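Residue numbers start at 1 and run along the sequence shown. None of the values given here were measured: they were computed from a predicted structure.
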Amino acid sequence: MILGLDTATPATAVALFDPATGVAREERHEPGPGERPRHTTGLMRLVVEQIQSLGAGWADIERIAVGIGPGTFTGLRIGVATAQALARTREVDLVGVSTLHSLALGAAAEAEPGDEAVVAVIDGRRREVFAAGWSLHDVADPQAPPLISPRAVPIQELAETLQEARVRWLATGDGSVAFTAALEGSGARIPKDDSGRNAVSAIDHCRLAAGLPSGSPEGVRPEYLRLPDAEISRRAARQP
């Protein structure tokens, strides 16, 4: 079985996936309005609950897949550090998975005739988004090169990039919900917010990880794409 973890967004997501049977199960915590993420207090609890719910044990876990972002600085540090500690303690392979690629893979199930590519968009705050895009033909391949490489950009810059690509985009992620008007203005189509496809799923982490080569805990690093917000604020404050 593959254990999947993601803390790149405010949600905490944990999944178990059996590549041999396709059986998958996920538990998650989504913070309510005004509620802080529970990455620190909730991640290990969800891991234990997931394993127990399937009547499995640590001996059944062959690989851990952790979302390496991009996303919140603190969330990524917690998720990657927890996954590294588990992999070392249990002597299990650890694979880092692009949270954007995972989002894109999940959204591909919502593709309609005419859709040609999928772009994953995570709200990065500060009027920026984290984004990357793949051809729908290649998105299930964990090593497929992206059409749009992972980046942190202003939303208008992303909208212009999508428009210039001259393909029909399916957009997904909380950033696509936050900036619907700009993305739809570029010609992108966005799944309905209640479709469930705009949230990161640890199951899709597991599916991508199943096709990646074995890795070690030391080789997994967060993909921040930009400086922490606190550092950005400090640098801005020092400018004349």
Heavy-atom side-chain proximity of His29 to His39 below 4.5 angstrom:
no

Separation between CG (Leu212) and CZ (Arg207), nearest 0.5 Å, reads 15.0 Å

Is the shortest side-chain heavy-atom distance between Phe179 and Val129 below 4.5 Å?
yes

Do Leu162 and Ile155 belong to the same hydrophobic cluster, where Ile, Leu, Val, Met, Phe, Trp and Tyr are linked whenever their side-chain heavy atoms lie under 4.5 Å apart, directly or via other members?
yes

Check whether Glu35 reaches the backbone of Gly32 with its side chain - one donor and one acceptor, N or O, closer than 3.5 Å.
yes

Among residues at least two apart in sequence or on other chains, which ones pass salt bridge (charged side-chain N to carboxylate O under 4.0 Å, His left out) with Glu30?
Arg28

Sequence neighbours excluded, every pair satisfying side chain to side chain donor-acceptor pair (under 3.5 Å) that has a member inside residues 177-186
none

Selection residues 51-67 - residue pairs positive for salt bridge (Lys or Arg N to Asp or Glu O under 4.0 Å), sequence neighbours left out:
Arg63-Asp93

Heavy-atom closest pair (Val95 atom, Gly215 atom, distance to 0.1 Å) is CG2-N, 4.4 Å

Donor-acceptor pairs under 3.5 angstrom involving side-chain atoms of residues 135-152: please list them, not counting sequence neighbours.
unit_1, atom_1, unit_2, atom_2, d
Ser135, OG, His137, N, 3.1
Asp141, OD1, Gln143, N, 2.9
Ser149, OG, Arg151, NH2, 3.1
Arg151, NE, Ser149, O, 3.0

Check which hydrophobic residues are tied to Val177 through side-chain heavy-atom contacts below 4.5 Å, counting indirect links as well, and list them.
none

Minimum heavy-atom separation for Phe17 to Cys206, with atom names?
CB-CB, 3.5 Å

Val92 vs Leu86, side-chain contact (heavy atoms from CB on, under 4.5 Å): CA-CA, chis, key distance, verdict:
CA-CA 8 Å; Val92 177; Leu86 288 174; over 6 Å; no

Spell out, yes or no, whether Val118 and Leu158 are grouped together once hydrophobic residues are joined by side-chain heavy atoms under 4.5 Å, including indirect joins.
no

Same cluster or not: are Leu3 and Val220 linked, directly or through other Ile, Leu, Val, Met, Phe, Trp or Tyr residues, by side-chain heavy atoms under 4.5 angstrom apart?
yes

Are any of the side-chain heavy atoms of Leu100 and Val119 separated by less than 4.5 Å?
no

Which residues share a side chain to side chain donor-acceptor pair (under 3.5 Å) with Ser102, sequence neighbours left out:
His205

List the atom of Arg197, the atom of Ala109, and the distance in Å for their closest heavy-atom pair.
NH2-CB, 3.5 Å

Are Trp134 and Ile68 joined in one hydrophobic group, where the rule is that I, L, V, M, F, W and Y side chains link up if heavy atoms are under 4.5 Å apart?
no

Quick one: does Ile64's side chain get under 4.5 Å of Ile2's, heavy atoms only?
no

What residues, two or more places apart in sequence or in another chain, satisfy side chain to side chain contact (heavy atoms under 4.5 Å, CB included) together with Pro217?
Gln84, Ala87, Arg88, Leu94

Only pairs under 3.5 Å count here: list side-chain donor-acceptor contacts from residues 70-80, not counting sequence neighbours, and write none if there are none.
unit_1, atom_1, unit_2, atom_2, d
Thr72, OG1, Gly75, N, 3.3

Taking salt bridge (Lys or Arg N to Asp or Glu O under 4.0 Å) as the cut-off, I'd like each qualifying pair that reaches into residues 162-180, sequence neighbours left out, listed once.
Asp115-Arg168

Mind checking side chain to side chain contact (heavy atoms under 4.5 Å, CB included) for Ala165 and listing every partner two or more places apart, or none if nothing turns up?
Val167, Trp169

Would you call Leu103 and Asp204 a side-chain contact if the rule is heavy atoms closer than 4.5 Å?
no

Pro37 versus Pro31, closest heavy-atom pair with distance
CA-CG, 3.8 Å

Check: Phe130 and Asp123 side chains under 4.5 Å, non-hydrogen atoms:
no

Any side-chain heavy-atom pair from Thr172 and Val121 closer than 4.5 angstrom?
no

Pairs under 3.5 angstrom only: tabulate donor-acceptor contacts from the side chains of residues 43-54 to other protein residues two or more places apart or in another chain.
unit_1, atom_1, unit_2, atom_2, d
Arg45, NH1, Glu49, OE1, 3.4
Arg45, NH1, Glu49, OE2, 3.1
Gln50, OE1, Arg25, NH1, 2.4
Gln50, NE2, Val14, O, 3.1
Gln50, NE2, Arg25, O, 2.7
Ser53, OG, Arg25, NH1, 3.1
Ser53, OG, Glu49, O, 3.4
Ser53, OG, Gln50, O, 2.7

Can you list the residues that meet the side chain to side chain donor-acceptor pair (under 3.5 Å) rule with Ser201, with sequence neighbours excluded?
Glu26

Same hydrophobic cluster for Val153 and Ile190, using side-chain heavy-atom links shorter than 4.5 Å among ILVMFWY?
yes

Report, as yes or no, whether the 6.0 Å neighbourhood of atom CD on Glu91 holds more than 12 heavy atoms from other residues, nucleotides or ligands.
no

Val97 side chain near Val66 side chain, heavy-atom distance below 4.5 Å
no

